[in-house]
Amino acid sequence: MTLPRRDFLKLSGLAAIATSIEPWSKSMAQTSSAPEARADYTLRIATGLVELAPEHIVSTTLYNGQFPGPLLRFKEGQRAVVDIYNDTDTPELVHWHGQMIPSDVDGASEEGTPFVPAHGMRRVSFVPKPSGFRFYHTHVLAGGDLNRGTYTGQAGPVYIEPKNNPGAYDREIFLVMKEFEPSFSRGGDMAMDFLAGEPIKELQQIGKRADEEAKEKAKGFEVGYERFSINGKMLGPVILSELSRASASCFTY
Ligand SMILES: [Cu+2]
């Protein structure tokens with residue numbers, strides 16, 4: 001039973017209040033003080049700013065107003081509860097990359113995970129596994145919208161502490177590498193010389209074959225990036241923005 005607020009206020013000055021509001025307080029007790037565990041972590045999805053370098057600020061969608069999103073530490077085999085608030089105007093999905101968890105919380109809509117509604121929230125609870133360094137990120141399909149999904153700053157590190165070998169490290173450092181400022185291109189114009197190591201022959205051949213096959217058809221668009229960052233910081237000073245676009249891509253990595 002619920003009592004209109006007006007009636008409640010009217011009653012509140014009376015001695016009869018105790019008996020009158022009893023059903024009200026009972027119903028409140030059932031809804032709000034049910035044994036709801038506190039979440040281990042809260043993620044808030046909202047737009048915000050990332051300062052990649054002094055005077056180089058990117059406006060995008062973030063977790064908890066930061067990039068990367070906060071480090072979430074879980075324990076292998078120990079249930080984790082995460083509250084996800086979506087403060088944006090579009091439905092969102094938080095995907096637990098690399099974890100073997102049920103599809104209703106995994107964060108992939110194609111596997112059946114419900115979206116976190118726009119301006120709504122969802123609580124997810126799962127037993128994290130396997131142990132190790134993982135990450136979480138949005139699983140919204142961006143399509144041609146470079147302000148959505150993977151093109152935003154929605155990514156963060158997860159560390160699942162192993163049950164058996166806790167690893168007595170002196171120091172733990174978590175690195176999240178992410179590109180920013182995407183743009184469409186017709187291919188081939190993003191510098192690749194920042195890639196480390198020797199080219200892999202097999203991959204080159206696959207690329208060559210694909211190019212040949214595509215000759216007949218019109219080639220689709222590719223997405224290239226202006227900035228590369230480690231933990232939300234691009235390397236090198238802002239002078240790089242004066243260099244050509246292609247070399248900036250490699251230097252700032
Ligand atoms: Cu993923």
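In listed order, ligands and their atoms are each counted from 1.
A distance of 8.0 Å separates OG1 of Thr88 from CZ of Arg148, quoted to the nearest 0.5 Å.
Other residues, nucleotides and ligands contribute at most 12 non-hydrogen atoms within 6.0 Å of the CD atom of Glu202. The environment of CG in Leu71 is crowded: more than 12 heavy-atom neighbours from other residues, nucleotides or ligands sit within 6.0 Å. For CD1 of Ile57, the number of neighbouring non-hydrogen atoms (other residues, nucleotides, ligands) closer than 6.0 Å is greater than 12.
Taking the ring centroids of Phe174 and Phe135, they lie at or beyond the 6.0 Å cut-off.
The Cu ion (ligand 1) has His97 ND1, His137 NE2 as protein N, O or S atoms under 2.8 Å away.
In the model, His56 has no side-chain atom that pairs as donor or acceptor with a side-chain atom of Glu226 under 3.5 Å.
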